[in-house]
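Every heavy atom of this structure was used, including side-chain atoms; hydrogens, water molecules and symmetry mates were not.
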Amino acid sequence: MIVKNNKECNVYRQELRVKILQISIQLFKRRGIKDVKMDDIAAALGISKRTLYEIYENKEQLVYEGVKHDKEERERAFLEFARKADNEMEIVAEAIRLNLQDLSQINPIFFVDMNKYEDVVNYLVDKRERQWDKTMEFMKSGVEHGYFLPYIDYNMVFRISNESLMSVMNQRYYEQYTLEEIFRNYVIVFLRGVATEKGIRLMDHYLERLSE
């Protein structure tokens with residue numbers, strides 16, 4: 001009987017951990033990290049602050065785990081789609097859709113605040129670097145299938161692209177435009193610049209479906 005109770009307790013605790021991460025990241029994205037207190041998170045979950053601190057020792061740990069959980073869940077959903085996609089341009093269009101959907105719910109201050117958490121920044125940088133080879137393989141596959149131009153150094157172009165996006169945030173363009181507007185215009189122009197005519201036609205086809 002005791003074993004059963006312990007098992008039930010562990011299941012409840014694990015479910016609560018996930019729920020805390022889900023609610024926390026929603027609040028962080030909507031209001032910015034700095035504006036959200038541990039009291040706010042506990043209240044949103046209907047639990048005591050003591051219970052919250054028993055699971056996550058401090059806000060720094062919660063921010064890190066929340067960003068990591070959110071990143072992994074979105075990546076899992078995207079990879080599931082990619083496995084069933086017909087071609088690279090369909091995958092690109094889905095990536096655009098998912099990012100626009102996510103950005104529509106994010107206060108730009110969230111990204112500004114996130115840069116103050118060294119562990120989070122290091123995690124995201126490491127994640128991007130570990131994904132780099134897969135990104136290059138994806139572009140290579142797109143070149144072989146005739147969707148991307150063959151004479152471009154994609155390693156260099158993507159590095160420049162990442163630096164450009166960082167500059168956009170540093171220059172606070174989000175005060176003039178929404179994150180969706182920035183992403184949509186930047187990414188679509190970038191992709192059309194590296195796509196073949198065949199790739200552009202197919203990408204436009206999928207993007208038109210997104211706007212319906």
Are the side chain of [X] and the backbone of [Y] linked by a donor-acceptor contact shorter than 3.5 Å?
X    : Y    : result
D70  : G66  : no
T196 : L149 : no
K68  : V63  : no
Q105 : Q101 : yes
Y147 : E197 : no
D102 : L98  : no
S161 : V157 : no
E90  : D86  : yes
D126 : N122 : no
E181 : T178 : yes

**Complete:** When H205, M203, H145 are each screened for side chain to side chain contact (heavy atoms under 4.5 Å, CB included) with M89, the one that passes is M203
Check [X] against [Y] and note the closest heavy-atom contact, atom names and distance.
X    : Y    : result
I152 : G193 : CD1-O, 4.3 Å
I23  : A44  : CG2-CB, 3.8 Å
A85  : I91  : CB-CG1, 3.5 Å
L52  : A42  : CD2-N, 4.1 Å
L103 : L179 : CD1-O, 3.9 Å
L27  : V36  : O-CG2, 3.6 Å

**Asked** Could you go step by step and tell me if M136 and F158 meet the side-chain contact (heavy atoms from CB on, under 4.5 Å) rule?
**Response** CA-CA 9 Å; M136 293 301 104; F158 271 80; 4.0 Å; yes
Inspect the contact between [Y] and [X] and indicate whether a charged nitrogen and a carboxylate oxygen are less than 4.0 angstrom apart.
X    : Y    : answer
E137 : K134 : no
K71  : E75  : no
E80  : K84  : yes
K37  : D40  : no
K34  : D113 : no

Any [X] side-chain heavy atom under 4.5 Å of [Y] side chain:
X    : Y    : answer
I96  : Y206 : no
R184 : N99  : no
I188 : F183 : no
R192 : D204 : yes
W132 : N155 : yes
F190 : L165 : no
R76  : E73  : yes
M38  : L62  : yes

**Item:** Residues S164 and S167: side-chain donor-acceptor under 3.5 angstrom
**Value:** no
**Request:** Tell me yes or no: between the side chains of N107 and Y174, is some donor less than 3.5 Å from an acceptor?
**Result:** no
Flag yes if [X] and [Y] sit in one hydrophobic cluster, no otherwise; membership is Ile, Leu, Val, Met, Phe, Trp, Tyr, and two members link when side-chain heavy atoms are under 4.5 Å apart.
X    : Y    : result
V18  : I25  : no
I200 : Y151 : no
F148 : I160 : no

**Asked** Does K140 count as lying over the ring of Y154, i.e. NZ or CZ under 6.0 Å from the six-ring centre, within 45 degrees of the axis?
**Response** no
**Message:** Is the positively charged end of R17 above the ring of Y56, judged by distance under 6.0 angstrom from the centroid and angle within 45° of the axis?
**Reply:** yes
**Request:** Go through E54 and R50 one step at a time and tell me if the salt bridge (Lys or Arg N to Asp or Glu O under 4.0 Å) criterion holds.
**Result:** CA-CA 6 Å; E54 286 176 352; R50 178 179 178 179; 3.6 Å; yes
If you draw a 6.0 Å radius around [atom1] in [X], do more than 12 non-hydrogen atoms from other residues or ligands fall strictly inside?
X    : atom1 : answer
Y173 : OH    : no
K19  : NZ    : no
Q176 : CD    : yes
R172 : CZ    : no
M166 : CE    : no
E175 : CD    : yes

Between [atom1] on residue [X] and [atom2] on residue [Y], distance to nearest 0.5 Å:
X    : Y    : atom1 : atom2 : answer
F28  : K59  : CZ    : NZ    : 5.5 Å
I109 : K29  : CD1   : NZ    : 16.0 Å
E180 : L100 : CD    : CG    : 6.0 Å
T135 : E129 : OG1   : CD    : 10.0 Å
M169 : M114 : CE    : CE    : 8.5 Å
L21  : Y64  : CG    : OH    : 12.0 Å

